[in-house]
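The structure appears right after this line, and notes come after that.
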Amino acid sequence: MTKKILIFCAAMMLGACVKASTSENKKDQTSMSSSKVESNAKEDFEAVLSGKKPIHAIPDPKKPDLSDGGTTFYVGEGYTLTVKSTLDEKKGVKGYMYGPIIIFENIKTNGKAKEMSNVRFYSTEELRKIRGY
């Protein structure tokens, strides 16, 4: 009888250890995936700033193509990416408002979704140089 109780107690303790270990692994995976999401988003952000297509995000099939100069929508794992490309004119110079806008799905600051963006005016010539044409 004593042997059975000891085996039962050991099994119960092992189960508790496995549960604790599983919980810790889930926390690690969550924080790792958060940092991976931010890393992927940063790489996409930098790619767009250098005139390239995103590395990780894919075109969002739910969003329409706009006829505003080429704004495109992408979806990444844990974030959305809008590549703003809107025809514009500043002080008689024709060009585009161009740049990335990333919104993180599950990361909030002060109740608002965390966002990064860098949209600015480029003359048509400047944007052609960035994009390499």
Side-chain angles (χ1 to χ4, degrees):
M1 180 78 162
T2 305
K3 212 175 201 181
K4 287 181 182 176
I5 291 173
L6 286 174
I7 291 171
F8 177 75
C9 288
M12 292 301 289
M13 289 176 68
L14 180 61
C17 289
V18 169
K19 284 181 185 174
S21 175
T22 303
S23 297
E24 287 171 14
N25 285 343
K26 284 182 183 176
K27 286 180 189 175
D28 289 346
Q29 288 172 351
T30 302
S31 64
M32 282 178 19
S33 63
S34 265
S35 63
K36 185 68 174 167
V37 165
E38 290 186 26
S39 173
N40 288 353
K42 184 179 178 201
E43 288 177 8
D44 283 347
F45 191 84
E46 290 170 357
V48 171
L49 284 177
S50 63
K52 297 175 179 75
K53 291 190 181 234
I55 299 164
H56 304 284
I58 59 171
D60 188 344
K62 297 177 187 172
K63 299 282 184 166
D65 288 334
L66 300 179
S67 58
D68 66 350
T71 297
T72 52
F73 302 94
Y74 296 86
V75 62
E77 205 168 316
Y79 62 97
T80 59
L81 166 63
T82 302
V83 179
K84 182 87 167 167
S85 185
T86 306
L87 294 168
D88 203 352
E89 186 175 335
K90 301 280 185 204
K91 298 180 182 177
V93 176
K94 293 183 181 192
Y96 294 83
M97 291 301 293
Y98 174 81
I101 303 167
I102 290 182
I103 300 174
F104 293 93
E105 293 171 358
N106 295 319
I107 303 172
K108 297 191 188 277
T109 54
N110 297 329
K112 294 183 180 180
K114 184 175 176 183
E115 180 178 318
M116 330 187 306
S117 67
N118 187 355
V119 177
R120 66 181 202 91
F121 179 79
Y122 293 89
S123 69
T124 303
E125 293 77 29
E126 289 173 322
L127 192 56
R128 282 185 182 148
K129 285 178 188 175
I130 290 171
R131 290 183 167 168
Y133 4 119

Quick one: do Leu87 and Val119 end up in the same hydrophobic cluster if we chain Ile, Leu, Val, Met, Phe, Trp and Tyr together by side-chain heavy atoms under 4.5 Å apart?
no

Side chain to side chain contact (heavy atoms under 4.5 Å, CB included) with Leu81: of Ile102, Ile101, Ile103, only one passes, and it is Ile102

Which label fits Tyr98 and Tyr122: parallel for a plane angle under 30°, tilted from 30 to 60°, or perpendicular past 60°?
perpendicular

Between Phe104 and Met116, is a side-chain contact (heavy atoms from CB on, under 4.5 Å) present by the stated rule, with each step listed?
CA-CA 9 Å; Phe104 293 93; Met116 330 187 306; 3.9 Å; yes

Please tabulate, for the side chains in residues 48-60, all donor-acceptor contacts under 3.5 angstrom to protein atoms that are two or more places apart in sequence or on a different chain.
| residue | atom | partner | partner atom | Å |
| --- | --- | --- | --- | --- |
| Ser50 | OG | Glu46 | O | 3.3 |
| Ser50 | OG | Ala47 | O | 2.9 |
| His56 | NE2 | Asn40 | OD1 | 3.4 |
| His56 | NE2 | Glu43 | OE1 | 2.5 |
| Asp60 | OD1 | Lys62 | N | 2.9 |

Could you state the interatomic distance from NZ (Lys42) to CD (Glu38), rounded to the nearest 0.5 Å?
10.5 Å

When hydrophobic residues are tied together by side-chain contacts of less than 4.5 Å, even through go-betweens, does Ile130 share a cluster with Tyr96?
yes

Using a 3.5 Å distance criterion without hydrogens, assess whether the side chain of Thr71 forms a donor-acceptor pair with backbone atoms of Ser85.
yes

Linked, directly or transitively: Val83 and Phe121 (ILVMFWY side chains, under 4.5 Å)
no

Quick check on Glu89: does its CD atom have over 12 non-hydrogen neighbours (other residues, nucleotides or ligands) under 6.0 Å away?
yes

When rounded to the nearest 0.5 Å, the distance separating CD of Glu77 from CD of Glu105 is 9.5 Å

